[in-house]
Amino acid sequence: MRAGSLRHTATIYQRSDTPDAYGALDHTMTAEAVTHKCSIKQRTFRERAENGQLMSRIEFELQFRYSPELELLNPGAQLDVAGRRLEVLSSSDPSGKRKNVVIYAEDVR
């Protein structure tokens, strides 16, 4: 992976469970302070009829330089990349050599 191919900036949003003024848990998405450079590539596009509506699913492959927090990113976390809000499906270090992290995510609509 060349440094020139990491053209997009990703902001990561993790789910946080903080108690509100009444003691109930407030489930919100909070942005991490650090952004990461990545490349993005569309993998699949599927449409299906669901309850009389046409639903689409667009899946993306994002490649990052290795970072332990990216490899351990939980499914359900969200990313803002290239004007899209994506939900993380999985993240891994495919080669096991700690060079890059591949995250598969789908478009949130």
Side-chain angles (χ1 to χ4, degrees):
M1 179 170 48
R2 297 186 323 255
S5 65
L6 303 178
R7 295 195 172 126
H8 301 284
T9 302
T11 304
I12 299 172
Y13 293 88
Q14 293 275 14
R15 192 173 308 275
S16 69
D17 299 326
T18 56
D20 62 6
Y22 300 105
L25 290 178
D26 184 20
H27 302 285
T28 58
M29 300 298 280
T30 57
E32 291 184 0
V34 179
T35 58
H36 301 274
K37 299 296 276 184
C38 69
S39 66
I40 184 170
K41 179 174 59 171
Q42 184 176 330
R43 290 188 60 214
T44 60
F45 177 77
R46 296 185 191 120
E47 288 183 335
R48 67 181 184 282
E50 188 173 291
N51 296 331
Q53 291 183 323
L54 191 61
M55 303 295 291
S56 65
R57 177 180 175 183
I58 305 170
E59 192 172 304
F60 294 91
E61 177 182 327
L62 294 93
Q63 298 223 4
F64 296 85
R65 286 195 183 93
Y66 182 81
S67 176
E69 62 267 6
L70 288 175
E71 185 181 9
L72 300 173
L73 198 60
N74 292 327
Q78 294 182 355
L79 303 166
D80 272 345
V81 181
R84 296 180 180 268
R85 176 64 64 108
L86 305 175
E87 184 174 340
V88 174
L89 299 173
S90 68
S91 64
S92 66
D93 177 13
S95 64
K97 296 180 181 178
R98 297 185 176 181
K99 289 188 175 186
N100 65 342
V101 173
V102 176
I103 294 179
Y104 296 106
E106 70 178 357
D107 200 359
V108 176
R109 293 184 189 237

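One is the number of the first residue; the rest follow in order along the sequence. Heavy-atom basis, side chains included; hydrogens, waters and symmetry copies ignored.
- With respect to His36, the side chain to side chain contact (heavy atoms under 4.5 Å, CB included) criterion is satisfied by exactly one of Thr11, Ile103, Leu70: Leu70.
- Residues in residues 43-56 take part in these salt bridge (charged side-chain N to carboxylate O under 4.0 Å, His left out) pairs, two or more places apart or across chains: Arg43-Glu59, Arg48-Glu50.
- Gln14 is linked by a side-chain hydrogen bond (donor to acceptor under 3.5 Å, both in side chains) to nothing, counting only residues two or more places apart in sequence or in another chain.
- In this structure, CZ on Phe60 lies 11.5 Å from CG on Leu79, to the nearest 0.5 angstrom.
- Counting side-chain heavy-atom gaps under 4.5 Å among Ile, Leu, Val, Met, Phe, Trp and Tyr, the cluster of Met29 also holds Tyr13.
- Nearest heavy-atom pair across Ser39 and Leu6 is N-CD2, 3.7 Å.
- Across all non-hydrogen atoms, the minimal contact from Arg15 to Gly76 is NH2-O, 3.8 Å.
- No side-chain heavy atom of Asn100 sits less than 4.5 Å from a side-chain heavy atom of Tyr66.
- The shortest distance between side-chain heavy atoms of Leu86 and Leu62 falls below 4.5 Å.
- Contacts of Thr35 classified as side-chain hydrogen bond (donor to acceptor under 3.5 Å, both in side chains), with partners at least two apart in sequence or in another chain: none.
- Note on Val81 and Phe45: same hydrophobic cluster, where clusters join Ile, Leu, Val, Met, Phe, Trp and Tyr whose side-chain heavy atoms are under 4.5 Å apart, directly or indirectly.
- Within the structure, side-chain hydrogen bond (donor to acceptor under 3.5 Å, both in side chains) pairs that include any residue of residues 86-95 do not occur (at least two apart or interchain).
- Nearest approach of Val102 to Glu61, heavy atoms of both residues: CG1-CG, 3.8 Å.
- In this view, Thr9 and Lys37 satisfy the side-chain hydrogen bond (donor to acceptor under 3.5 Å, both in side chains) rule, not counting sequence neighbours.
- Scanning both residues, Val88 and Ala105, for their nearest heavy atoms gives CA-CB, 4.1 Å.
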